[in-house]
Amino acid sequence: MVQQEPAGALGLAAAGEAAAAKAEVRLSRRRWAIVLLFSSYSLCNAFQWIQYSSISNVFMRFYDVRAFAIDWLSMCYMLTYIPLLFPVAWLLDKRGLRFIALAGSALNALGAWVKLGSLKPYLFPVTILGQVICSLAQVFILGMPSCIASVWFGSHEVSTACSIAVFGNQLGIAVGFLVPPVLVPNVEDVEKLAHHISIMFFMTAGVATALFILVVIVFKEKPPHPPSRAQALAQSRPSAEYSYVQSIRRLLRNVNFLLLMITYGLNAGCFYSLSTLLNRMVIHHYPGEEVNAGRIGLTIILSGMVGALISGIWLDRTKTYKQTTLVVYIMSLLGMIAYTFTLSLGHLWVVFVTAGMLGFFMTGYLPLGFEFAVELTYPESEGTSSGLLNVSAQIFGIAFTIGQGQIMDHFGTKAGNLFLCSFLFLGTVMTAFIKAHLRRQQANLDNEQTRLQGSNQITDYGTVTCNPNPINSHSCSLAHTQRK
């Protein structure tokens with residue numbers, strides 16, 4: 001027996017799809033300015049995340065604290081994100097992109113200025129406060145790439161746009177590995193060390209403030225016209241039809257999304273742990289090589305950015321989300337194994353090569369996960385799905401950083417890296433079980449077919465027929481079932 005659709009829900013879905021089919025789809029020239037500006041203040045925030053860990057031995061001596069205390073300056077970013085994801089995702093849905101962009105860039109600038117009050121060895125609590133404020137800004141930043149890509153970019157460029165948006169965060173980490181060892185040399189005199197640290201903090205605060213002003217001037221809520229049929233459908237949905245709590249429940253009942261959430265967390269958690277502890281690993285095997293430790297981190301990130309760009313372009317052309325994600329995950333595992341067994345060989349150039357291979361796939365995986373999640377969960381909010389992925393990443397990042405740090409202290413760096421390899425292997429196996437139900441791609445196809453059907457209802461005599469229900473039945477059914 002066929003179950004009848006509720007008339008009200010069916011009417012809302014049909015009306016929404018009819019409006020989406022009639023909406024004018026046009027790309028805005030401002031879209032590139034929006035994504036580049038977002039990438040810039042995301043870069044600044046990511047730089048502040050890693051600026052302590054990339055020269056952890058220097059800050060340990062300056063503030064006279066243990067390595068674990070410096071590690072927590074990185075992990076506070078992860079810890080803050082977990083409880084604040086849902087309030088910020090709710091704000092994204094209720095207040096929109098512009099409000100979230102203003103809040104994120106403002107907090108990022110505020111945290112940078114607070115750090116300028118921590119230029120004495122006894123003021124470590126002040127630098128913690130500044131870092132916590134910056135970690136609050138990160139909550140308003142991490143879930144934005146897929147949302148900006150969907151709202152501002154066409155269906156054939158969303159993956160590329162998402163990769164560019166993620167680039168900012170990755171490039172910020174790269175700069176955070178490269179610049180601090182150069183600006184803050186490991187000198188013995190504490191006053192000179194404080195002077196070098198102040199230069200770094202002043203530069204960061206100035207850049208963060210300039211970016212906040214640009215956000216106020218340039219960043220808009222959305223383009224005048226929807227950039228794709230899927231976005232037109234999302235915008236035509238009545239606000240009363242959307243429930244934030246129900247959306248989260250639907251996401252947590254989506255088995256494929258749950259698998260992706262775990263596997264994304266495992267991969268990103270390994271990356272967070274590796275980034276936080278990289279300085280300690282390299283200095284252990286190559287004493288006095290703080291600058292080269294930063295350059296190895298830079299190599300990991302830059303190669304990952306190339307990997308992300310290539311994978312984004314590949315996805316836009318092929319839409320092979322599952323296959324690409326699985327291949328990249330397997331190569332991340334192989335790269336981690338290679339890095340693990342070459343770190344202690346005594347040849348820095350070999351470490352640079354294997355770290356570059358690892359970064360190309362491990363860092364390049366991050367935007368893949370965002371886009372795959374949007375495909376699996378459409379028409380749910382991109383901010384909510386991305387936020388849940390990031391919560392998973394923060395939880396695993398904290399666990400892996402603490403776990404790997406303790407293993408390194410007791411059993412050495414190789415054992416700590418093998419610890420990460422084991423979880424990357426688990427993530428690879430779980431990725432193989434994800435089914436590629438690409439709902440956003442299907443929505444674009446269905447809405448295009450609906451638009452064409454509505455414009456071709458002409459009889460052989462040249463008269464227009466009146467079609468009481470021009471909505472594609474499969475599309476209507478899909479939209480309805482996704483909102484149950």
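- By the 30° and 60° cut-offs, the orientation of the rings of W49 relative to Y77 is tilted.
- Residues Q138 and T80 fail the side-chain proximity criterion, which asks for heavy atoms closer than 4.5 Å.
- A salt bridge (charged side-chain N to carboxylate O under 4.0 Å, His left out) check over residues 266-289, counting only residues at least two apart or in different chains, returns the pairs D71-R280, R280-D409.
- With a 4.5 Å cut-off on side-chain heavy atoms, L171 and I301 do not count as touching.
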Using the rule given for side-chain contact (heavy atoms from CB on, under 4.5 Å), can you reason through M203 versus V179, listing the C-alpha separation, both sets of side-chain angles and the distance that settles it, and then say yes or no?
CA-CA 11 Å; M203 290 175 61; V179 173; 5.7 Å; no

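- Remark: L388 CG to L260 CG distance equals 11.0 Å, nearest 0.5 Å.
- No side-chain N or O of Y365 forms a donor-acceptor pair with one of S311 less than 3.5 Å apart.
- Counted by atom type alone, T354 and T342 present one or more donor-acceptor pairs between their side chains at under 3.5 Å.
- Using a 4.5 Å heavy-atom cutoff, the side chains of L376 and I434 are in contact.
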Is there a side-chain contact (heavy atoms from CB on, under 4.5 Å) between I330 and V327? Walk through the geometry before answering.
CA-CA 5 Å; I330 292 171; V327 169; 5.7 Å; no

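- Between Y321 and W314, the distance from one ring center to the other does not fall under 6.0 angstrom.
- With hydrogens and angles left out, the side-chain atoms of N279 and S56 include a donor and acceptor closer than 3.5 Å.
- The two residues L91 and F140 make their nearest non-hydrogen contact at CD1-CE2, 4.4 Å.
- For F425, the CZ atom sits in a loose shell: 12 or fewer heavy atoms of surrounding residues, nucleotides or ligands are nearer than 6.0 Å.
- Atom CG of residue L358 and atom CG of residue L334 lie 10.5 Å apart, to the nearest 0.5 angstrom.
- The aromatic rings of F38 and Y41 sit perpendicular, their planes meeting at an angle over 60°, well past the 30° parallel limit.
- Ring geometry for F396 versus F400: interplanar angle of 30 to 60°, hence tilted.
- No side-chain heavy atom of S303 sits less than 4.5 Å from a side-chain heavy atom of T363.
- Taking every heavy atom of both residues into account, C134 and A112 meet most closely at SG-N, 4.0 Å.
- A distance of 11.0 Å separates CG of L136 from CD1 of I141, quoted to the nearest 0.5 Å.
- Taking the side chain as every heavy atom from C-beta outward, K115 and Q48 approach each other to under 4.5 Å.
- Separation of atoms NE2 (H196) and CG (L119) is listed at 13.0 Å; rounding is to 0.5 Å.
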